[in-house]
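Below you'll find the structure, written out as structure tokens, and then a few comments.
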Amino acid sequence: MVKRARGSVRPGQRRPIDRRPATPAAAATPKPAGLSDAELVRAAELEQQLLAEERAAETARRRTAERASTREAGAVKTIPFEDEYAYVARDLKDIARIAALLFAILFVLYLIIDVFDVVKIA
């Protein structure tokens with residue numbers, strides 16, 4: 001086991017924080033009790049800006065909700081089942097035709113090779 005030197009830091013640990021005591025000069029200065037007139041005017045301006053932004057956001061939300069509700073009502077279309085899946089039936093018919101053609105070719109090859117012995121395979 002390896003000895004650790006004093007003050008070393010292991011992975012996952014931090015060094016202790018060096019906190020200095022507060023200076024008596026900083027604690028002795030009094031803080032002002034209220035806000036100045038300029039600060040009050042600035043706070044009123046900020047509050048008006050925030051309220052205006054909130055109103056704008058609320059109207060945008062309402063507009064979005066109205067648009068969404070009108071879209072949902074007109075978006076649903078009823079299409080008959082046969083029309084909607086006509087391509088599936090067409091694809092299945094094509095697959096059946098190709099399978100029948102392949103079986104016919106295999107049957108003809110069977111007749112030529114095994115039954116009539118036209119082609120000799122060693």
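Source: prediction; values computed, not measured. Numbering of residues begins at 1 and proceeds along the displayed sequence.
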Give the cluster check for [X] versus [Y]: same hydrophobic cluster or not, with ILVMFWY residues linked at side-chain heavy-atom distances below 4.5 Å.
X      : Y      : answer
Ile98  : Ile105 : no
Val108 : Leu102 : no
Leu101 : Leu109 : yes

Between [atom1] on residue [X] and [atom2] on residue [Y], distance to nearest 0.5 Å:
X      : Y      : atom1 : atom2 : value
Phe116 : Tyr110 : CZ    : OH    : 10.0 Å
Tyr87  : Leu92  : OH    : CG    : 10.5 Å
Leu50  : Glu53  : CG    : CD    : 6.0 Å
Tyr85  : Asp91  : OH    : CG    : 13.5 Å
Leu106 : Leu111 : CG    : CG    : 11.0 Å
Glu66  : Arg62  : CD    : CZ    : 8.0 Å

*asked:* More than 12 heavy atoms of other residues, nucleotides or ligands under 6.0 Å from CD of Glu84: yes or no?
replied: yes
*For Asp117, look at atom CG and say whether over 12 heavy atoms of other residues, nucleotides or ligands are found less than 6.0 Å away.*
yes
_Cationic N near anionic O, under 4.0 Å, Glu58 to Arg61_ = yes
*asked:* Could you check whether any side-chain N or O of Gln48 sits under 3.5 Å from a backbone N or O of Glu45, counting only pairs where one atom can act as donor and the other as acceptor?
replied: no
*Does the side-chain contact (heavy atoms from CB on, under 4.5 Å) test come out yes or no for Ile113 and Ile121, once each step is laid out?*
CA-CA 8 Å; Ile113 294 171; Ile121 296 178; 3.8 Å; yes
